Protein chains: 2
Amino acid sequence: MRISMTGEYAVRAMIHLSSISKGKVTHISDISKEQNIPETLLRKIMGQLVKIGLVRSSRGKGGGVMLAKPGDSISLLDIIQGIEGQIILNQCLVDEKYCDQTSYCAVRKVWQQAQDQMLSILNGKSICDLANESNRNFLEFSNNKQTLN
Amino acid sequence: MRISMTGEYAVRAMIHLSSISKGKVTHISDISKEQNIPETLLRKIMGQLVKIGLVRSSRGKGGGVMLAKPGDSISLLDIIQGIEGQIILNQCLVDEKYCDQTSYCAVRKVWQQAQDQMLSILNGKSICDLANESNRNFLEFSNNKQTLN
DNA sequence: GTAAATGTGAGTATTGTAGTCATATTAGGG
DNA sequence: CCCTAATATGACTACAATACTCACATTTAC
């Protein structure tokens with residue numbers, strides 16, 4: 001049970017985008033290089049991100065991609081669900097026909113609970129938070145390295 | 001991102017087993033019928049459950065399957081992880097080579113947190129709990145139905 | 001018109017999953 | 001020893017999803 005590469009790539013690309021100053025564009029090829037994501041694949045993923053309204057793009061010379069809205073209004077969950085569809089841990093949570101015990105099954109409830117917890121955690125983090133935290137961690141990381149040398 | 005059918009079947013089979021009085025055996029074919037699980041597939045799943053020590057089986061006439069230990073010492077997580085292997089939401093949580101930012105990446109931390117939450121919920125429920133709760137819910141459910149009619 | 005961008009449908013290779021089938025193995029009881 | 005009832009398992013199939021690639025289309029600025 002894993003997140004898809006597509007989902008991971010999307011998250012990385014979005015974090016990259018959130019580091020670009022507002023109003024400026026980047027190019028898919030740049031993100032591809034810096035984040036080490038196959039370019040043609042990233043093109044498709046960016047296409048999806050545009051479709052679901054998280055990214056704005058413009059074609060042609062001078063074109064490129066940028067966040068469609070402020071980074072603090074986009075959660076990790078928005079990205080993942082946008083790309084992968086709804087996260088549903090257990091079949092019986094989605095398919096009524098699958099199990100005839102839905103109305104009293106305790107297992108179902110546990111999955112529901114686990115799923116809710118997970119979603120709320122992913123929902124609680126904006127890509128803005130993520131970019132900032134990573135930056136802060138990176139600085140600490142670099143400082144530690146320096147003092148070690 | 002879903003649990004596999006195999007995992008779901010295993011859980012159902014285990015709950016079924018936990019309803020059998022201690023010391024008695026059931027047959028795979030019975031579980032198959034009652035839980036609506038393809039028999040040949042269930043045979044394989046039971047094989048795995050035996051291998052990981054959750055089920056005890058005996059062959060031949062008078063043989064069958066039973067829980068290998070008390071139902072309250074077996075968690076939902078034991079079953080799922082036993083069957084599906086470790087639950088790992090995000091690639092970077094398992095594959096060091098995959099991402100060179102492991103030491104400071106904030107995304108990684110969020111996934112870790114979501115995963116921990118989920119595991120702890122699954123770990124907190126024994127199949128004994130589950131069987132009891134389902135029974136209790138079922139009774140309520142039936143009563144409601146009766147009073148409605 | 002040309003170069004620089006994104007957009008996209010079709011195709012491929014690989015893997016994973018759900019499930020089947022045939023056959024082996026084990027055990028009890030005549 | 002043989003029959004029957006049970007689990008065990010390796011090989012196989014069918015299908016779907018994933019992670020890509022490729023070629024080409026489209027858009028825009030100059």
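Order of the sequence lines sets the chain letters (A, B, ...), proteins ahead of strands, with each chain counted from 1. Since the structure is predicted, the reported quantities are computational estimates derived from the model, not experimental observations.
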What is the distance, rounded to the nearest whole Å, between atom [atom1] of [X] and atom [atom2] of [N]?
X      : N       : atom1 : atom2 : value
I28(A) : dA4(C)  : CD1   : P     : 16 Å
K51(B) : dA8(D)  : NZ    : P     : 10 Å
H27(B) : dA8(D)  : NE2   : P     : 13 Å
E39(B) : dA22(C) : CD    : P     : 15 Å
M66(A) : dA5(C)  : CE    : P     : 14 Å
L42(A) : dT8(C)  : CG    : C1'   : 15 Å
M46(A) : dG7(C)  : CE    : P     : 8 Å
I83(A) : dA17(D) : CD1   : C1'   : 16 Å

Just how far is it from atom [atom1] of [X] to atom [atom2] of [Y], taken to the nearest 0.5 Å?
X      : Y       : atom1 : atom2 : value
I74(B) : I127(B) : CD1   : CD1   : 4.5 Å
T26(A) : M66(A)  : OG1   : CE    : 8.5 Å
K51(A) : I83(A)  : NZ    : CD1   : 10.5 Å

Subject >> Presence of R43(A) side-chain N/O under 4.0 Å of dG7(C) phosphate oxygens OP1/OP2 >> reply: no
Original post:
Does the side chain of L49(B) reach to within under 4.5 Å of the side chain of M14(B), using non-hydrogen atoms?
Top reply: yes
**OP:** Evaluate the side-chain proximity of M1(A) to M118(B): yes if any heavy-atom separation is below 4.5 Å, no if none is.
**Re:** yes
Using the 3.5 Å cut-off, write out each protein N or O paired with an N or O of nucleotides 28-30 of chain D and the distance between them.
unit_1: dT28(D); atom_1: O2; unit_2: K61(A); atom_2: N; d: 3.2

Original post:
Between residues 15-26 of chain B and DNA chain C, which residues have a heavy-atom gap below 4.0 Å?
Top reply: none
Distance only, no hydrogens: is a donor on one side chain within 3.5 Å (strictly under) of an acceptor on the other, for [X] and [Y]?
X       : Y       : result
S4(A)   : E84(A)  : yes
N137(B) : S134(B) : no
D72(A)  : S126(A) : no

Protein-nucleotides 18-20 of chain D N/O pairs closer than 3.5 Å?
unit_1: dA19(D); atom_1: OP1; unit_2: M5(A); atom_2: N; d: 2.9
unit_1: dA19(D); atom_1: OP2; unit_2: T6(A); atom_2: OG1; d: 3.3
unit_1: dC20(D); atom_1: OP2; unit_2: Y9(A); atom_2: OH; d: 2.9

Subject >> Evaluation steps, side-chain contact (heavy atoms from CB on, under 4.5 Å), between L89(A) and Q112(A) >> reply: CA-CA 8 Å; L89(A) 296 183; Q112(A) 186 74 60; over 6 Å; no
Original post:
Is the number of heavy atoms from other residues, nucleotides or ligands within 6.0 Å of CD (Q86(B)) greater than 12?
Top reply: no
**OP:** Decide if atom CD of Q48(A) counts as having more than 12 heavy atoms of other residues, nucleotides or ligands within a radius under 6.0 Å.
**Re:** yes
